[in-house]
Amino acid sequence: MTYRREEHVLIPESDLEGMSVDTLAVRAGQIRTGQLEHSDAIFPTSSFVYGSAAQAAARFGGDEPGNIYSRFTNPTVQAFEARIAAMEGGERAVATSSGMAAILATCMSLLKSGDHVICSRGVFGTTNVLFQKYLARFGVETTFVGPTDMAGWQAAVRPETRMIFIETPSNPLCEVADMAALAKLSRDNDALFVVDNCFCTPVLQRPLEHGADIIIHSATKYLDGQGRCVGGVVVGSDKLMEEVYGFLRSAGPTMSPFNAWVFLKGLETLPIRMRAHCDNALELARWLEGQGTVDRVYYAGLPDHPQHELAKRQQSGFGGVLSFTVKGAREEAWAFIDATRMISITANLGDVKTTITHPATTTHGRLSPEDKEQAGITESLVRISVGIEAVEDLKTDLQRGFEALENYRQGTV
């Protein structure tokens with residue numbers, strides 16, 4: 001039997017003008033083939049064919065739009081790019097092989113030797129290493145400032161400052177940076193304002209609406225939501241993204257079609273997942289505050305958090321990540337973590353499964369002792385990415401950790 005294209009059937013494009021993020025997460029960016037499939041198609045191909053040598057030349061020369069090679073043009077990847085750009089309110093997105101590749105592609109395409117970056121101390125540890133160690137080798141200097149220290153941000157500006165980079169809320173202390181203030185600082189000094197929106201996603205926060213020029217995502221986290229694939233994406237204006245796309249085309253930190261398809265499926269449930277993460281995290285944060293062996297809980301949803309009111313203005317929810325310090329040091333933190341029997345001990349976050357980790361020896365383990373101290377990464381700090389399990393079951397599992405701490409203090413373990 002021969003299966004032919006259903007070219008005689010006309011399916012109008014969805015009119016998504018003015019639709020909410022919830023609807024865009026399900027509908028935006030879909031590319032239907034002649035088979036008129038309802039679900040998103042996947043195109044696991046390295047290359048594409050042409051009707052003639054002249055058409056191939058036109059494609060490669062940029063005179064005719066269309067697919068060329070999956071290093072930089074693939075329909076499944078383009079569908080993911082279009083969907084996340086629509087959700088963030090950006091003109092264009094460029095997908096990459098990982099979240100760190102997204103940051104690298106942004107910096108390599110928009111910075112040059114002699115440029116200066118101001119970066120928040122409250123970023124993922126590997127982001128710190130990328131700026132401090134590797135970009136420095138190419139003549140890009142970075143100054144690190146506390147995410148909420150506006151006087152520090154202003155004092156760090158130089159004539160050669162070309163980028164301000166933040167992650168808000170921060171990893172892992174959940175500090176919230178004032179995006180509007182930093183956007184103004186960036187504009188006043190002809191610098192790009194880049195926001196890593198990994199913790200909130202466009203469901204809870206849309207940085208472009210607060211003055212950001214570029215948004216970074218590790219799609220590995222909440223955009224996927226089930227810990228299946230690694231990927232990243234950059235969102236911004238057509239002009240800026242054309243530069244990032246040019247780097248991707250030449251250097252090749254490319255997202256695979258399969259991963260893009262997985263992320264498309266993840267985006268469909270992102271709004272309902274994020275609300276469940278937020279609900280569980282807030283209840284768990286309140287519960288942790290009542291535990292005698294906890295010194296401090298870091299979560300912007302708590303009224304006594306220093307940036308609680310700012311978070312309420314910038315975000316529609318407080319996210320699914322929290323951290324807390326136990327009484328003691330590394331030994332106590334490890335004893336707590338090791339006592340859990342359901343929660344996954346892993347450094348990944350944004351999963352429907354709750355995860356727990358010790359930042360000082362995992363996500364931020366490559367930082368120097370001085371950098372850890374400045375970033376507030378203590379040996380007693382524990383980070384939890386709260387999943388969507390029954391919250392009472394999470395409390396039951398964490399209670400094992402508190403019992404282990406009590407036994408540790410009494411010398412019975």
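Residue numbers run from 1 in the order of the sequence given. This is a predicted model, so every value here is computed, not measured.
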For the backbone of L349 and the side chain of R383, can you confirm whether one donor and one acceptor N or O come within less than 3.5 Å of each other?
no
Sub-4.5 Å side-chain heavy-atom contact between T220 and N348:
yes
E91/K239 ion pair, N-O < 4.0 Å:
no
Closest non-hydrogen atom pair, V230 against F263
C-CZ, 3.7 Å
Exactly one of T355, L398, V321 should register a side-chain contact (heavy atoms from CB on, under 4.5 Å) with I384. Which one does?
L398
Nearest 0.5 Å, what's the CE-CG distance between M19 and L24?
8.5 Å
For K395, does the NZ atom have more than 12 heavy-atom neighbours from other residues, nucleotides or ligands under 6.0 Å away?
yes
Derivation and outcome, side chain to side chain contact (heavy atoms under 4.5 Å, CB included), residues T148 and Q307:
CA-CA 9 Å; T148 63; Q307 294 91 48; 3.5 Å; yes
All side-chain contact (heavy atoms from CB on, under 4.5 Å) counterparts of N67, not counting sequence neighbours
F48, T73, P75, Q78
May I ask you to check whether over 12 heavy atoms, not counting those of E373, lie within 6.0 Å of atom CD?
no
Min side-chain heavy-atom separation M150-W153 under 4.5 Å
yes
Classify the angle between the aromatic ring planes of F72 and Y245 as parallel (below 30°), tilted (30 to 60°) or perpendicular (above 60°).
perpendicular
Under 3.5 Å, is there a donor on one side chain and an acceptor on the other for K372 and T378?
no
Side chain to side chain donor-acceptor pair (under 3.5 Å) contacts touching residues 246-255 (sequence neighbours left out)
none
Can you confirm whether more than 12 heavy atoms, excluding those of K265, are under 6.0 Å from its NZ atom?
yes
Between E37 and T33 (side chain of the first, backbone of the second, donor and acceptor by atom type, cut-off under 3.5 Å), is there such a pair?
yes
Would you say T127's side chain and V123's backbone share a donor-acceptor pair under 3.5 angstrom?
no
Salt bridge R341-D397, side-chain N to carboxylate O under 4.0 Å:
no
If you look at every heavy atom in F199 and P169, which pair is closest and at what distance?
CD2-O, 3.8 Å
Under 3.5 Å donor-acceptor, E289 side chain and V297 backbone:
no
Donor-acceptor pair between N197 and Q205 side chains, under 3.5 angstrom
yes
Under 4.0 Å between a Lys/Arg side-chain N and an Asp/Glu carboxylate O for E283 and R286?
no
Side chain to side chain contact (heavy atoms under 4.5 Å, CB included) for M179 and Q314? Distances and angles first, verdict last.
CA-CA 8 Å; M179 288 190 285; Q314 291 185 169; 3.6 Å; yes
Measuring only between side-chain heavy atoms, which start at C-beta, is D295 closer than 4.5 Å to S380?
no
Interatomic distance, R83 atom CZ to L267 atom CG [nearest 0.5 angstrom]:
6.5 Å
Pair R275 + D22: basic N to acidic O under 4.0 Å:
yes
Donor-acceptor pair, D224 side chain versus A219 backbone, under 3.5 Å?
no
Just wondering, are more than 12 heavy atoms of other shown residues or ligands nearer than 6.0 Å to CZ in R27?
no
Centroid separation under 6.0 Å, is that true for the rings of H277 and Y222?
yes
Any side-chain heavy atom of N128 within less than 4.5 Å of one from F144?
yes
What's the separation between atom CG in N74 and atom CD1 in I68, rounded to the nearest 0.5 Å?
12.5 Å
Exercise: identify the closest heavy-atom pair between G122 and S170:
O-CB, 3.1 Å
Can you check whether A329's main-chain N or O pairs, donor with acceptor, with E332's side chain at less than 3.5 Å?
yes
Given side chains that start at C-beta, do those of L208 and I215 come closer than 4.5 Å, heavy atoms only?
yes
Is a donor on one side and an acceptor on the other found under 3.5 Å between the side chain of T142 and the backbone of I118?
no
Going from OG1 on T340 to CD1 on I356, what distance comes out if it is rounded to the nearest 0.5 angstrom?
5.5 Å
Heavy-atom closest pair (L381 atom, H358 atom, distance to 0.1 Å) is O-CD2, 3.3 Å
Sole candidate of W287, Y298, F336 that passes ring pair (Phe, Tyr, Trp, His ring centres under 6.0 Å) when paired with F324:
F336
Stepwise, does the ring-ring contact (aromatic ring centres under 6.0 Å, His included) test hold for F131 with F165?
CA-CA 10 Å; F131 281 111; F165 188 102; 5.4 Å; yes
Quick one: closest heavy-atom pair of P253 and A101, and the distance?
CB-CB, 4.0 Å
Donor-acceptor check, side chain of H308 to backbone of A300, threshold 3.5 angstrom: yes or no?
yes
Can you see which heavy atom on L182 is nearest to which on A177, and at what distance?
CD1-CB, 4.1 Å
Tell me whether N189 contacts the main-chain N or O of L185 through its side chain, where contact means a donor paired with an acceptor under 3.5 Å.
yes
Side-chain donor-acceptor contact under 3.5 Å, D371 with S368:
yes
Could you tell me the separation between the CD atom of E403 and the OG1 atom of T293, rounded to the nearest 0.5 Å?
10.5 Å
T354 side chain to V386 main-chain N or O, any donor-acceptor pair under 3.5 Å?
no
Salt bridge present between R206 and E88 (N-O < 4.0 angstrom)
no
Passes side chain to side chain contact (heavy atoms under 4.5 Å, CB included), I166 versus D196? Steps please.
CA-CA 6 Å; I166 67 167; D196 186 325; over 6 Å; no
Would you compute the distance between atom NE2 of H38 and atom CG of D40 and round it to the nearest 0.5 angstrom?
9.5 Å
Candidate pair L223 and I84, rule side chain to side chain contact (heavy atoms under 4.5 Å, CB included), full reasoning
CA-CA 9 Å; L223 302 192; I84 191 65; 4.0 Å; yes
